[in-house]
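Report on the following structure.
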Amino acid sequence: MIKIVFATNNAHKLSEVRAVLGDDYELVTLKEVGITEDIPETGATLDENALIKARYVFDRTGLDCFADDTGLEVEALGGAPGVHSARYATDGHDFKANNRKLLAELEGVDNRRARFRTVVSLIRGGVEQQVEGIVEGVIATEESGAEGFGYDPLFIPDGYDKTFAEMTAQDKNAISHRGRAIAALKKRLTKKLLSQPLTPKRVNKKM
Ligand code: IMP
């Protein structure tokens, strides 16, 4: 078993990632390493936020770890909500309010193209790496389905006639942004490290 910290407290994300990584990996949560505070996501991009979160965990624990950051990028809204996806409508993670706002913004708009993008930052043996997963689709005109979380009731992936919230977790994982990013992460985890590791101190200096 390979032990690795996943920088999240989101139970949905945890079970999705567990399913894709499989039984060879033991995922340790933030709570389990004693990080109970919200990690500040002060970056301007998904890439920056994923790296900030992974470095936060590495600096405090020195353990191999990874963090993800996801955004929904809607073409007609110039890529919004993007990095602001969690706090699109309110200050908190209010999924219902976010979905209501998205539907209102797209009212009467024909172009409903959108994509989910997940960036994962991995720090393994002190070496930083980044992978990405994308799924393309459209925003529905009303919410459907009760599975998943966030914008799932509104997102219809290309090649399907149902939303992520109408799919089983297994079907969503097979094609989703996070499923793809974690599959890429798994590949990296099976490869030998080539670069020189950073010490936690050097990681700090780069911030
Ligand atoms: P996070 O910063 O990676 O937690 O993601 C930001 C926001 O994107 C979340 O609060 C959700 O609203 C949304 N989100 C992330 N992943 C998904 C997903 O798999 N389905 C639907 N919405 C998601």
Side-chain angles (χ1 to χ4, degrees), residues 6 8 10-22 41 43-51 66-89 93-122 129-189:
F6 177 28
T8 193
N10 178 326
H12 280 286
K13 280 190 183 180
L14 197 63
S15 72
E16 284 185 9
V17 169
R18 233 177 224 138
V20 179
L21 274 186
E41 295 184 28
T45 62
L46 299 176
D47 298 50
E48 281 177 24
N49 275 340
L51 191 54
F66 66 94
D68 79 324
D69 203 39
T70 295
L72 176 68
E73 300 172 340
V74 180
E75 204 171 274
L77 302 177
V83 72
H84 306 295
S85 292
R87 293 175 181 81
Y88 187 39
H93 296 248
D94 187 337
F95 297 148
K96 280 272 161 215
N98 285 343
N99 287 344
R100 265 199 309 274
K101 178 168 177 182
L102 182 58
L103 282 178
E105 295 283 335
L106 288 178
E107 191 153 356
V109 176
D110 288 335
N111 176 9
R112 305 189 74 91
R113 300 285 319 156
R115 65 181 196 170
F116 271 117
R117 194 158 68 87
T118 293
V119 176
V120 173
S121 276
L122 165 69
Q129 299 179 66
Q130 209 159 55
V131 293
E132 185 184 73
I134 290 174
V135 60
E136 304 270 353
V138 293
I139 302 300
T141 51
E142 59 180 18
E143 290 189 41
S144 309
E147 301 299 320
F149 68 103
Y151 299 93
D152 279 348
L154 285 179
F155 187 81
I156 303 174
D158 284 350
Y160 291 78
D161 57 5
K162 55 185 172 184
T163 68
F164 268 162
E166 293 176 292
M167 293 184 175
T168 62
Q170 201 180 3
D171 288 349
K172 179 187 169 189
N173 267 340
I175 57 162
S176 80
H177 46 299
R178 190 169 302 99
R180 287 173 173 160
I182 299 300
L185 171 75
K186 197 174 173 179
K187 270 195 192 156
R188 294 292 178 99
L189 286 171

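Looking at E132 and V120, their side chains never come closer than 4.5 Å, going by heavy atoms from C-beta outward. The side-chain heavy atoms of V20 and K186, taken from C-beta on, include no pair separated by under 4.5 Å. Considering only heavy atoms from C-beta on, L122 stays 4.5 Å or farther from Q130 through its side chain. Considering only heavy atoms from C-beta on, R180 comes within 4.5 Å of I175 through its side chain. N99 is listed as a side-chain neighbour of Y151, based on a closest heavy-atom distance under 4.5 Å. Under the 4.5 Å side-chain criterion, counting only non-hydrogen atoms from C-beta, D94 is not in contact with K101. In this structure, the side chains of Y160 and E166 stay at 4.5 Å or more apart for every pair of heavy atoms.
With sequence neighbours excluded, the residues that form a ring pair (Phe, Tyr, Trp, His ring centres under 6.0 Å) with F6 are F66.
Using a 30° and 60° split on the angle between ring planes, F95 and F149 fall in the tilted class, from 30° to 60°. Between F164 and F155, the two ring planes are tilted [angle within 30° to 60°].
R178 and T118 get closest at one heavy-atom pair: N-OG1, 3.6 Å. Heavy atoms only, all atoms of each residue included: E48 and G43 are closest at OE1-CA, 3.4 Å. Annotation for A181 and G133: closest pair CB-N, 3.6 Å, computed over non-hydrogen atoms. Taking all atoms of both residues into account, the shortest heavy-atom contact from A67 to A50 is CB-O, 3.5 Å.
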Side chain to side chain contact (heavy atoms under 4.5 Å, CB included) assessment of I134 paired with F116
CA-CA 6 Å; I134 290 174; F116 271 117; over 6 Å; no
Pair D152, K172 - check salt bridge (Lys or Arg N to Asp or Glu O under 4.0 Å), show working.
CA-CA 10 Å; D152 279 348; K172 179 187 169 189; 2.9 Å; yes
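Screening T70, V119, D68, L51 for a side chain to side chain contact (heavy atoms under 4.5 Å, CB included) with L46, the sole residue that qualifies is V119. Just one of N10, L185, T8, I182 meets the side chain to side chain contact (heavy atoms under 4.5 Å, CB included) condition when paired with V17; it is I182.
Here the OG-CG distance, from S121 to D47, works out to 7.5 Å after rounding to the nearest 0.5 Å. Note that the CG atom of N173 and the CD atom of E16 stand 5.0 Å from one another [nearest 0.5 Å]. Going from atom CD of E107 over to atom CG of L103 covers 8.5 Å, rounded to the nearest 0.5 Å.
A salt bridge does not link D171 to K162: none of the charged side-chain nitrogens sits closer than 4.0 Å to a carboxylate oxygen.
Checking side-chain atoms of N98 against main-chain N and O of A89 turns up a donor-acceptor pair under 3.5 Å.
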Kindly list each side-chain donor-acceptor pair under 3.5 angstrom involving residues 72-86, sequence neighbours excluded, with atom names and distances?
from	atom 1	to	atom 2	distance (Å)
E73	OE1	R115	NE	2.8
E73	OE1	R115	NH2	3.1
E73	OE2	R117	NE	3.1
E73	OE2	R117	NH2	3.4
E75	OE2	N111	ND2	2.9
S85	OG	L72	N	3.0
S85	OG	G82	O	2.6

Give every donor-acceptor pair under 3.5 Å between a side-chain atom in residues 136-148 and any protein atom, sequence neighbours left out.
from	atom 1	to	atom 2	distance (Å)
E143	OE1	K96	NZ	3.1

